[in-house]
Undergrad: 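Quick one: structure below, then a few questions.
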Amino acid sequence: MAHFTDQVLDVVRKIPRGKTMSYTQVARLAGNAKASRKVGEIMSKNTDRSMPCHRVIYSNGRVGEYNRLQGEKADLLRREGVIIQNNHIIT
DNA sequence: CGTATGACGTGCA
DNA sequence: GTGCACGCCATAC
């Protein structure tokens, strides 16, 4: 497995419940701050349930996309204690 | 090795 | 705040 991809998966897996990280943050911890786009692609192809990909959001505060569960993303985050309004994270 | 691609990011109108 | 164009980078072919 590619080093970068492996790192990204590992980082996302470690995101604590009730917390969120931007694609950029994840990419940076994975070793490439500019590979935010790659993070998204990896998430889209990921199918692991232990992968809280719904905790990964845009750097601008928007929740972003979520193929498998679509609108569920914001709902899941809200369930974990994250305040969301109109698809927007309130920190 | 060159081209195409995508759950992003930033800048500008 | 919204919409559009261009840039970035690892992967797939």
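The chains referred to below are lettered A, B, ... by the order of the sequence lines, with proteins before strands, and numbering in each begins at 1.
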Undergrad: Considering heavy-atom distances to DNA chain C, does A/Lys45 or A/Asn86 have its closest nucleotide positioned more toward the 5' end?
TA: A/Asn86
Undergrad: For A/Glu41, is there an ion pair with A/Arg37 - N to carboxylate O distance below 4.0 angstrom?
TA: no
Undergrad: Once hydrogens and angles are ignored, does a donor-acceptor distance under 3.5 Å link the base of B/dA7 to the side chain of A/Tyr58?
TA: no
Undergrad: I need the CD-C1' distance between A/Glu65 and B/dG9, as an integer number of Å.
TA: 15 Å
Undergrad: Atom CG of A/Leu9 and atom C1' of B/dA7: how far apart are they, to the nearest Å?
TA: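 Atom-to-atom, A/Leu9 to B/dA7, this comes out as 14 Å.
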Undergrad: If you check every side-chain atom of A/Ala2, which of B/dA7, C/dT11, B/dG9 has the closest atom?
TA: C/dT11
Undergrad: Rounding to an integer number of Å, can you tell me how far A/Met43 CE sits from B/dT5 C1'?
TA: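 It works out to 17 Å between those atoms.
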Undergrad: In whole Å, measure the gap between the C1' atoms of C/dC13 and B/dA7 for me.
TA: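 It works out to 22 Å between them.
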Undergrad: Which of the following nucleotides, B/dG6, B/dG9, B/dA7, is nearest to the side chain of A/Lys38?
TA: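 Shortest atom-to-atom distance from the side chain points to B/dG6.
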Undergrad: Tell me which residues in residues 25-37 of chain A lie within less than 4.0 Å of DNA chain B, going by non-hydrogen atoms.
TA: A/Ser36, A/Arg37
Undergrad: Which whole-number value in Å describes the distance from A/Glu41 CD to B/dT5 P?
TA: 12 Å
Undergrad: Please determine if a side-chain N or O atom of A/Thr24 lies less than 4.0 Å away from the OP1 or OP2 oxygen of B/dG9.
TA: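 Checking A/Thr24 against B/dG9: at least one side-chain N or O falls below 4.0 Å of OP1 or OP2.
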Undergrad: If I take atom CG in residue A/Asn46 and atom C1' in nucleotide C/dT11, what distance separates them, rounded to the nearest angstrom?
TA: 16 Å
Undergrad: To the nearest angstrom, how far is A/Asn60 atom CG from B/dG11 atom P?
TA: 12 Å
Undergrad: How is the base pairing of DNA chain C summarised as a dot-bracket string, given the Watson-Crick and G-U wobble criteria with both distances under 3.5 Å, [ ] for crossing and | for another strand?
TA: .||||||.|||||
Undergrad: Who passes side-chain hydrogen bond (donor to acceptor under 3.5 Å, both in side chains) against A/Gln25, sequence neighbours left out?
TA: none
Undergrad: Is any side-chain N or O of A/Thr5 closer than 4.0 Å to OP1 or OP2 of C/dT11?
TA: yes
Undergrad: Round to the nearest Å and state the distance from A/Tyr66 atom OH to B/dC8 atom P.
TA: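 Computing the A/Tyr66:OH to B/dC8:P distance gives 14 Å.
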Undergrad: To the nearest Å, give me how far apart CD1 (A/Ile42) and C1' (B/dA7) are.
TA: 11 Å
